[in-house]
Asker: 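What follows is a structure written as structure tokens; I'll ask about it next.
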Protein chains: 4
Amino acid sequence: MNVIDPNTSQPKWTRKPQARPDEVLEAALDVFAVNGFAATRMDDIAKAAGLSKAAIYLYFPSKDDVFKALVEQRIGVLQGHFDAAAKDQKRDPIAGLRHVARMWATSFQDLRVAALPRIILAEALRFPDLAEFYHRTVIERTQGALVELIQAGIDAGLFRQVEPLLAARALVSPLVFEILRRQAFPAHNIGQPMEVLVEAVFDLFLNGIAAVPLQPFVGVKP
Amino acid sequence: MNVIDPNTSQPKWTRKPQARPDEVLEAALDVFAVNGFAATRMDDIAKAAGLSKAAIYLYFPSKDDVFKALVEQRIGVLQGHFDAAAKDQKRDPIAGLRHVARMWATSFQDLRVAALPRIILAEALRFPDLAEFYHRTVIERTQGALVELIQAGIDAGLFRQVEPLLAARALVSPLVFEILRRQAFPAHNIGQPMEVLVEAVFDLFLNGIAAVPLQPFVGVKP
Amino acid sequence: MNVIDPNTSQPKWTRKPQARPDEVLEAALDVFAVNGFAATRMDDIAKAAGLSKAAIYLYFPSKDDVFKALVEQRIGVLQGHFDAAAKDQKRDPIAGLRHVARMWATSFQDLRVAALPRIILAEALRFPDLAEFYHRTVIERTQGALVELIQAGIDAGLFRQVEPLLAARALVSPLVFEILRRQAFPAHNIGQPMEVLVEAVFDLFLNGIAAVPLQPFVGVKP
Amino acid sequence: MNVIDPNTSQPKWTRKPQARPDEVLEAALDVFAVNGFAATRMDDIAKAAGLSKAAIYLYFPSKDDVFKALVEQRIGVLQGHFDAAAKDQKRDPIAGLRHVARMWATSFQDLRVAALPRIILAEALRFPDLAEFYHRTVIERTQGALVELIQAGIDAGLFRQVEPLLAARALVSPLVFEILRRQAFPAHNIGQPMEVLVEAVFDLFLNGIAAVPLQPFVGVKP
DNA sequence: GATGAATGAGAGTTCATTCAT
DNA sequence: AATGAATGAACTCTCATTCAT
């Protein structure tokens with residue numbers, strides 16, 4: 001009543017400025033990452049964002065929508081990480097695969113990035129469309145890139161005649177699982193950096209699919 | 001599905017008082033598997049068990065305790081399998097590992113059993129003691145058994161000098177991840193049975209750690 | 001079905017044996033005295049009585065009725081204590097009053113007796129008819145007896161022209177209040193026996209109503 | 001009675017946000033006074049305050065806390081009276097005692113205030129800390145003030161060598177007991193105002209402890 | 001007579017959401 | 001834009017009471 005121009009009596013808002021919503025999502029990620037969806041209260045998000053609870057509703061119509069917007073936004077970020085990674089590497093599939101694997105380690109150093117897969121897996125039942133979106137934009141793309149590389153390796157005679165999708169998953173899952181494990185069982189985290197794990201996993205994987213024996217594997221003493 | 005057969009609509013039960021707590025857990029598993037922990041109401045469990053809400057409290061002091069009892073019960077069953085499997089197999093580590101891997105496939109055929117890891121993962125932050133319990137009784141023991149087998153293989157010169165814990169996880173994680181994947185992204189489940197996946201994963205793993213080249217891997221066409 | 005004679009098919013009971021109900025009331029007094037009415041569960045009473053909860057309902061139709069029966073029974077006991085006490089003492093009103101006062105001390109040594117006034121005061125609003133009954137059978141009678149004694153004292157020229165009812169209350173209330181105080185604030189109970197208190201209160205009272213100065217009062221050092 | 005005027009049925013209020021907690025306590029006192037603690041539902045308080053049940057929780061974290069806050073608030077008021085009253089009266093202990101006694105009459109004219117001791121008594125066992133608080137802030141301080149006055153009277157040769165604490169209780173208990181009596185046995189309330197009772201009790205008390213005979217007591221005809 | 005088993009009807013408490021300002 | 005205040009609709013848990021055996 002004091003801010004609105006009395007000439008234009010538009011009681012409902014439609015404009016949503018850009019900075020604020022992102023700040024809210026930023027804050028929401030922090031609390032969702034720690035508490036999960038159900039246990040996070042709108043008050044928590046508001047407090048983390050330095051806003052009042054009601055203010056959140058200026059930008060997002062519901063708690064579900066905050067969550068969805070958050071995941072969609074972060075998926076975008078995640079996707080950016082991997083998007084170009086696998087391109088133009090078919091000349092040297094092994095180097096390409098190694099590059100992708102190492103990128104994992106780097107990306108998931110950021111806990112706010114690492115939280116995303118766990119959140120999605122945990123809440124997939126409640127937000128099947130989100131899970132679907134994640135699958136389509138992140139999983140399938142990453143898998144696709146890996147599959148292409150693996151197929152290229154097979155075609156080049158570097159790899160055995162494995163099923164590429166399966167092999168791709170065999171490479172990715174120990175890495176994803178490790179970041180899930182670290183979040184779910186923080187008490188059992190040895191201080192080992194992800195990079196070391198990645199190298200070991202990749203080496204094991206490479207030996208698994210190599211057409212000919214490779215260099216001897218050097219295990220990691222945790 | 002097994003507690004209340006939707007085909008036969010007989011709302012009244014022949015009571016088996018001694019088995020009541022187990023029936024409640026049975027029902028609880030059904031509901032938790034579909035809704036997760038937080039979204040499951042005591043009324044849901046009660047209804048699934050053919051009881052009143054208050055009756056649940058005759059057997060379990062709280063919702064948390066229902067969940068914990070459920071995990072303990074299911075885990076106890078699984079654990080017996082693995083414990084027995086891992087012992088007495090050190091003579092033939094490869095056969096031992098293969099046996100354990102195959103047992104996974106069998107155990108997690110039951111979708112309600114498969115739901116447990118997902119629920120644990122989703123609720124680990126809210127129930128750290130439950131997660132701790134799960135880690136201690138399931139993860140550590142399974143890992144321990146695998147590590148022993150792998151170490152035996154290394155000692156016998158069958159496997160390369162890999163880090164056993166890491167190798168164990170590299171074997172297990174594709175399998176665990178697959179059951180998570182199937183639940184989180186049901187739309188992307190190809191009908192492939194777990195057994196086939198297990199064989200492929202195990203073969204890839206074996207080639208990865210084998211000291212000498214093995215028989216050529218035959219990939220699975222999904 | 002196994003105990004009841006199949007010839008006489010009387011599904012409802014009317015007979016209530018004598019011993020059991022009293023045992024129940026005995027137990028009920030214990031728990032009501034400690035927890036008050038609302039906080040006492042039927043289970044508590046049952047456990048204290050060594051019976052099942054359902055068995056209580058064989059003897060009393062409701063929790064309220066247990067309470068009422070208990071109070072009525074104990075009022076009878078209490079009443080018996082004081083009933084004849086004040087009779088035939090009009091020859092020597094001072095001795096009569098002293099006798100009554102000392103009886104208080106003796107009676108309320110028993111905590112199960114002492115609990116009654118507190119219970120009744122505490123629950124008077126919920127059980128107005130019980131309170132009424134207590135007033136009629138205990139308070140009025142006791143007061144009546146005291147009033148008669150005091151009136152006799154006045155008539156004999158021993159006491160001043162006080163209002164007898166008021167004086168009676170002035171004598172009784174410090175005593176009753178003390179037993180309430182001891183129950184409500186057990187942490188502040190100095191070990192002083194009731195008898196000592198009674199003597200002091202009585203002495204103070206006597207000096208208060210005496211027509212002529214009496215012997216010097218000897219205070220009690222607690 | 002004072003919060004929701006039954007005569008003017010205006011369901012909506014002019015909101016005074018700052019005063020809300022006090023309004024809630026005001027309403028709570030009304031309801032607690034009638035129903036006691038256990039039998040009062042949060043809904044009752046809310047309705048009496050013209051609020052929703054959930055709104056109460058904006059100001060008080062639990063029902064217990066509403067009760068405690070209520071007692072503290074009311075006691076604070078009372079206590080101020082007594083504290084001031086007892087000071088600066090040692091020159092004339094008799095006038096001081098009379099003043100304190102008369103303040104009782106005034107304070108407990110308000111039936112809602114009079115309800116507090118009864119509630120405390122009834123709930124003392126369930127809320128030992130509340131009882132403790134009440135004892136410390138009300139009973140001990142009132143007693144302390146009286147004890148000092150009585151001791152001053154003894155020192156001045158006005159009173160006999162009575163035990164001051166005991167004498168203080170002998171003065172107070174008929175008054176406290178009377179307000180309990182009036183609530184527990186409303187059917188037996190003669191219309192006599194508290195002031196008259198106070199004068200009579202005080203006169204009796206004074207004669208009881210006086211070192212020399214005082215003016216003849218004039219009893220009250222109820 | 002007695003009980004184990006069960007329940008309906010609440011109770012206190014929480015929280016996403018709304019609205020007047 | 002933003003918020004303090006408020007609430008309705010749950011939810012977990014409790015307990016007096018019932019009933020088949």
Side-chain angles (χ1 to χ4, degrees), chain A residues 1-4 11 13 15-17 20 38-46 49-66, chain B residues 13 15-18 20 38-46 49-66, chain C residues 1-4 11 13 15-17 20 38-46 50-66, chain D residues 12-13 15-18 20 38-46 49-66:
Chain A
M1 193 190 291
N2 51 351
V3 176
I4 298 173
W13 301 89
R15 179 167 50 99
K16 290 184 181 179
R20 277 274 187 253
T40 294
R41 286 160 309 198
M42 289 299 261
D43 256 334
D44 298 333
I45 300 174
L51 283 174
S52 75
K53 193 170 36 168
I56 308 291
Y57 286 89
L58 295 175
Y59 307 110
F60 303 96
S62 77
K63 186 183 172 186
D64 280 27
D65 287 284
V66 174
Chain B
W13 276 74
R15 299 284 155 79
K16 306 170 196 166
Q18 269 63 21
R20 250 324 113 83
T40 293
R41 291 168 310 219
M42 288 301 261
D43 254 337
D44 297 335
I45 299 174
L51 286 174
S52 73
K53 188 173 45 169
I56 308 294
Y57 287 91
L58 294 177
Y59 306 109
F60 303 97
S62 75
K63 185 183 171 186
D64 286 22
D65 287 282
V66 174
Chain C
M1 193 191 289
N2 51 351
V3 176
I4 297 173
W13 301 89
R15 178 166 52 100
K16 289 184 180 177
R20 277 275 188 252
T40 293
R41 286 160 309 199
M42 289 299 262
D43 256 335
D44 299 333
I45 300 174
L51 283 174
S52 74
K53 193 168 37 168
I56 309 291
Y57 286 89
L58 294 177
Y59 306 111
F60 304 97
S62 76
K63 185 183 173 187
D64 280 26
D65 287 284
V66 174
Chain D
K12 294 293 180 188
W13 276 74
R15 299 283 155 79
K16 306 170 197 163
Q18 270 63 19
R20 243 333 108 82
T40 294
R41 289 167 312 221
M42 287 302 261
D43 254 337
D44 298 335
I45 299 175
L51 287 174
S52 73
K53 190 171 46 167
I56 308 293
Y57 287 90
L58 295 177
Y59 306 108
F60 303 96
S62 75
K63 185 183 171 186
D64 285 23
D65 287 283
V66 174

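Note that the coordinates shown come from a computational prediction; the quantities given were computed from them, not determined experimentally. Throughout, protein chains are lettered first and strands after them, A, B, ... in sequence-line order, and every chain is numbered starting at 1.
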Asker: Given a 3.5 Å cut-off on both pairing distances, which stems involving DNA chain E, each at least three consecutive Watson-Crick or G-U pairs, are present, if any?
Answerer: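 Looking at DNA chain E, the stems formed by three or more consecutive pairs are E:2-21 with F:2-21.
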Asker: Among E:dT17, E:dA5, E:dG12, which nucleotide has an atom closest to any side-chain atom of B:Tyr59?
Answerer: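 Nearest to the side-chain atoms of B:Tyr59, counting from C-beta on, is E:dA5.
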Asker: Consider the side chain of C:Arg41, meaning its heavy atoms from C-beta on, and name the nucleotide among F:dA16, F:dA10, F:dC13 that approaches it most closely.
Answerer: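 So the side chain of C:Arg41 is nearest to F:dA16.
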Asker: Report the residue (D:Asp43 or A:Ala54) whose heavy-atom-nearest nucleotide on DNA chain E is the more 5′ of the two.
Answerer: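 Its nucleotide being nearer the 5' end, the pick is D:Asp43.
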Asker: For A:Ile56 and D:Ser52, take the nucleotide of DNA chain F holding the closest heavy atom to each; which residue's nucleotide lies nearer the 5' end?
Answerer: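 Nearest-nucleotide comparison on DNA chain F picks A:Ile56.
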Asker: What nucleotide, of E:dA16, F:dG8, E:dA2, holds the atom closest to the side chain of C:Ala55?
Answerer: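 Comparing E:dA16, F:dG8, E:dA2 against the side chain of C:Ala55, the answer is E:dA2.
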Asker: Let me know, please, whether D:Leu58 or B:Lys63 comes out on the 5' side of the other along DNA chain F by nearest nucleotide.
Answerer: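 So the residue in question is D:Leu58.
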Asker: Kindly say if A:Tyr57 contacts the phosphate of F:dT3, meaning a side-chain N or O under 4.0 Å from OP1 or OP2.
Answerer: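 For F:dT3, neither OP1 nor OP2 has a side-chain N or O of A:Tyr57 closer than 4.0 Å.
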Asker: Test for a donor-acceptor pair under 3.5 Å between the base of E:dT3 and the side chain of C:Lys53, counting only N and O atoms.
Answerer: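 Answer no: no donor N or O sits under 3.5 Å from an acceptor.
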Asker: Between the main-chain N or O of C:Arg41 and the side-chain N or O of C:Lys53, is there a donor-acceptor pair closer than 3.5 Å?
Answerer: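 Side chain of C:Lys53 to backbone of C:Arg41, a donor-acceptor pair under 3.5 Å: no, none is there.
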Asker: Considering heavy-atom distances to DNA chain E, does C:Leu51 or A:Ala38 have its closest nucleotide positioned more toward the 5' end?
Answerer: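 It is C:Leu51 whose nearest nucleotide is closer to the 5' end.
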Asker: Return the set of residues passing salt bridge (Lys or Arg N to Asp or Glu O under 4.0 Å) with B:Asp64 (not counting sequence neighbours), or none when no residue passes.
Answerer: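 With neighbours one apart ignored, the set is empty.
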Asker: As an exercise, state the distance from CE of A:Met42 to OG of A:Ser62, rounded to the nearest 0.5 Å.
Answerer: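 With rounding to 0.5 Å, CE (A:Met42) is 7.0 Å from OG (A:Ser62).
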Asker: Out of curiosity, D:Asp44 CG to D:Ile56 CD1, how far, rounded to the nearest 0.5 Å?
Answerer: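 If we round to the nearest 0.5 Å, D:Asp44:CG and D:Ile56:CD1 are 10.5 Å apart.
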Asker: So, for C:Lys63 and C:Thr40, which heavy atoms are closest and what is the spacing to 0.1 Å?
Answerer: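 Nearest heavy atoms, C:Lys63 then C:Thr40: NZ-O, 2.7 Å.
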Asker: What are the two closest heavy atoms between C:Phe60 and C:Val66, and how far apart are they?
Answerer: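 C:Phe60 and C:Val66 have their closest heavy atoms at CB-CG2, 3.5 Å.
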Asker: Can you name the nearest heavy-atom pair linking D:Ala38 to C:Ala38, along with the distance?
Answerer: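 Smallest heavy-atom distance, with atoms named: CB-CB, 3.5 Å.
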Asker: Can you tell me how far P of F:dA1 sits from CZ of A:Phe60, to the nearest Å?
Answerer: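 Atom-to-atom, A:Phe60 to F:dA1, this comes out as 14 Å.
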Asker: Between atom CE in D:Met42 and atom P in F:dA10, what is the gap in whole Å?
Answerer: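 It works out to 21 Å between those atoms.
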